[in-house]
Q: 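Below is one structure. I have some questions about it.
Just so it is clear, the structure is predicted and the values come from calculations on it, not from any experiment.
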Amino acid sequence: MSFIQIQNLAFSYGGLRVFENLSLEIEQGRFCGIAGPNGAGKSTLLELLAGHRKPSSGKIRIGGLSPAGGGFKRSISQLAAFVPQESTPVFGYTSYEIVMMARYFRNRRFFFEQEEDRKIVQEAMRQTFTEDLASRPITCLSGGERQRVYLARAIAQETPLLLLDEPLSHLDLKHQILIYEALKRLHREQKTILMATHDLNLAAQYCDWMILMGPGGRLFSGPVQEILTEENIGSIYGIECRVYTVEGMRFFIPKAAEGEGKRAEY
């Protein structure tokens, strides 16, 4: 049985239908990238999986549990950690305190910080390169620094599933690579990761599974090499592109951007 099962899922914002009859399965231990144009439903899908929104119709099961069921609500803090695309801090907790909150999420009742919790938090901050931010208020950090702290919190929650909504969008290139490497190490430990991203090149290098979502409910899901093709990318994004392989790595370049003097008109 697949770790994540989605059957005939539909969701609407008022009268705007985001998707309908969406069905897919993801095995445990996948590092899955989710890509597609703005408005295709990437964030909505992650929020539905996290139980933050309710579908108009259809079924979701994660680890045998449904977000609509009481068992999921009781187990969500042990099952999945979610990092939203945007999170505006209100209170000036330190970065260390923000990450330590993950241990409360996991042990909701009668939580008292233990030495094991401190070690887990320190390791999560080490993996996300936020150790030097530990004593700084979250309100005083840049967008990229905050996003790394929130990712550290998700890792410290020690769930089998990470749901990440464009967690690298505010990061510089160096930290994008470092965080991808950290996520890849978690993937090797059989952590299941679903990550929305706009960077197909990095996704092709690090992910082993890919979901392409397009307007009107178009969807491609499968191994990266099979899904990230010129035909599929053209169908989803409405552009022509070329796929190049250099030393075993795949790169995607819009056709309109090839050569000098050409202007992209998307």
Q: Rounded to the nearest 0.5 Å, what's the gap from CG on L45 to CG on L194? Could you check?
A: 7.5 Å
Q: Within the 4.5 Å heavy-atom criterion, are Q147 and E166 side-chain neighbours or not?
A: no
Q: Side-chain contact test, heavy atoms from C-beta onward, threshold under 4.5 Å: evaluate it for I34 versus M213 and give yes or no.
A: yes
Q: With the side chain counted from C-beta on, respond yes when I4 and Q28 share a heavy-atom pair under 4.5 Å apart, and no when they do not.
A: no
Q: Can you list the steps and then say if I236 with R218 is a side chain to side chain contact (heavy atoms under 4.5 Å, CB included)?
A: CA-CA 7 Å; I236 291 295; R218 279 177 292 167; 4.1 Å; yes
Q: Which heavy-atom pair separates L164 from P167 by the least distance, and what is that distance?
A: CB-CG, 3.7 Å
Q: How close do V224 and C207 get, heavy atom to heavy atom, and via which atoms?
A: CG2-O, 3.2 Å
Q: Ion pair present between R118 and E115, side-chain N to carboxylate O less than 4.0 angstrom?
A: yes
Q: Do S43 and Q85 have side-chain atoms, one donor and one acceptor, less than 3.5 Å apart?
A: yes
Q: Can you find a pair of side-chain heavy atoms, one from Y13 and one from T44, that are under 4.5 Å apart?
A: yes
Q: Consider only side-chain N and O atoms of Y93 and T139, and report whether a donor and an acceptor are under 3.5 Å apart.
A: no
Q: With a 4.0 Å cut-off on N to O distance, would you call K119 and E116 a salt bridge?
A: no
Q: Taking all heavy atoms of S95 and all of L141, pick out the closest pair and write down the distance.
A: OG-CD1, 3.3 Å
Q: Can you measure from OG (S235) to CZ (F220) and round to the nearest 0.5 angstrom?
A: 4.0 Å
Q: Mind listing the closest non-hydrogen atom pair of P137 and G92 along with its distance?
A: CB-O, 3.8 Å
Q: So, does D117 use its side chain to make a donor-acceptor pair with the main chain of Q114 at under 3.5 Å?
A: yes
Q: Indicate, with yes or no, if L16 and L9 share a hydrophobic cluster defined by side-chain heavy-atom contacts under 4.5 Å among Ile, Leu, Val, Met, Phe, Trp and Tyr.
A: no
Q: Can we say E47 and R53 salt-bridge, meaning some charged N sits less than 4.0 Å from an Asp/Glu carboxylate O?
A: yes
Q: Calculate, to the nearest 0.5 Å, the distance between atoms CD1 and CE belonging to I179 and M195 respectively.
A: 10.5 Å
Q: Does any N or O in the side chain of S12 come within less than 3.5 Å of the main-chain N or O of G14, such that one atom is a donor and the other an acceptor?
A: no
Q: Working to the nearest 0.5 angstrom, can you tell me the gap between Q122 CD and M100 CE?
A: 8.0 Å
Q: Classify the ring geometry of H175 against F129: parallel below 30°, tilted from 30° to 60°, perpendicular beyond 60°.
A: perpendicular
Q: Working to the nearest 0.5 angstrom, can you tell me the gap between Q225 CD and W209 CH2?
A: 13.0 Å
Q: Is there a donor-acceptor pair under 3.5 Å between the side chain of S221 and the backbone N or O of L24?
A: no
Q: Backbone N or O of K59 within a donor-acceptor pair of the Q7 side chain at under 3.5 Å?
A: no
Q: Is a donor on one side and an acceptor on the other found under 3.5 Å between the side chain of D208 and the backbone of P223?
A: no
Q: Can R30 and E27 be said to form a salt bridge (charged side-chain N to carboxylate O under 4.0 Å, His left out), step by step?
A: CA-CA 6 Å; R30 291 291 188 194; E27 297 176 356; 3.4 Å; yes
Q: What verdict does the side chain to side chain contact (heavy atoms under 4.5 Å, CB included) test give for Y244 and I253, after you've listed the backbone C-alpha separation in whole Å, the side-chain angles of each residue and the deciding distance to 0.1 Å?
A: CA-CA 8 Å; Y244 297 94; I253 301 176; 4.0 Å; yes
Q: Which heavy atom of T94 sits nearest a heavy atom of S135, and at what distance?
A: CG2-O, 3.7 Å
Q: For the pair I155 and V99, evaluate side chain to side chain contact (heavy atoms under 4.5 Å, CB included) and give the outcome as yes or no after the intermediate values.
A: CA-CA 9 Å; I155 292 172; V99 181; over 6 Å; no
Q: Between R148 and T130, do the side chains contain a donor N or O and an acceptor N or O under 3.5 Å apart?
A: no
Q: Taking a hydrophobic cluster as the set of Ile, Leu, Val, Met, Phe, Trp and Tyr residues connected by side-chain heavy atoms closer than 4.5 Å, whether directly or through intermediates, do L168 and L186 fall within one such cluster?
A: yes
Q: Are E145 and R136 close enough for a salt bridge, meaning some N to O gap below 4.0 Å?
A: yes
Q: Taking only Lys NZ, Arg NE, NH1 and NH2, and the carboxylate oxygens of Asp or Glu, determine whether D165 and K42 approach each other closer than 4.0 Å.
A: no
Q: Quick check on the 6.0 Å ring-centre criterion: do Y180 and Y206 meet it?
A: yes
Q: What's the separation between atom CG in L161 and atom CD1 in I62, rounded to the nearest 0.5 Å?
A: 6.0 Å
Q: Is there a side-chain contact between F251 and V243 (heavy atoms, below 4.5 Å)?
A: no
Q: Can you tell if the side chain of S57 reaches within under 4.5 Å of the side chain of N8, non-hydrogen atoms only?
A: no
Q: Could you see if I120 belongs to whatever hydrophobic cluster contains L79? Use Ile, Leu, Val, Met, Phe, Trp, Tyr and a side-chain cutoff under 4.5 Å.
A: no
Q: Taking the side chain as everything from C-beta on, heavy atoms only, tell me whether I60 gets closer than 4.5 Å to L48.
A: yes
Q: Of the non-hydrogen atoms in G143 and H170, which two are nearest, and what is the gap between them?
A: C-CB, 3.8 Å
Q: Is the backbone of T159 close enough, under 3.5 Å, to the side chain of K191 for a donor and an acceptor to pair up by distance?
A: yes
Q: Between L133 and I138, is any pair of side-chain heavy atoms under 4.5 Å apart?
A: no
Q: May I have the step-by-step check of side chain to side chain contact (heavy atoms under 4.5 Å, CB included) for L219 and L22, ending in yes or no?
A: CA-CA 8 Å; L219 183 140; L22 188 153; 3.8 Å; yes
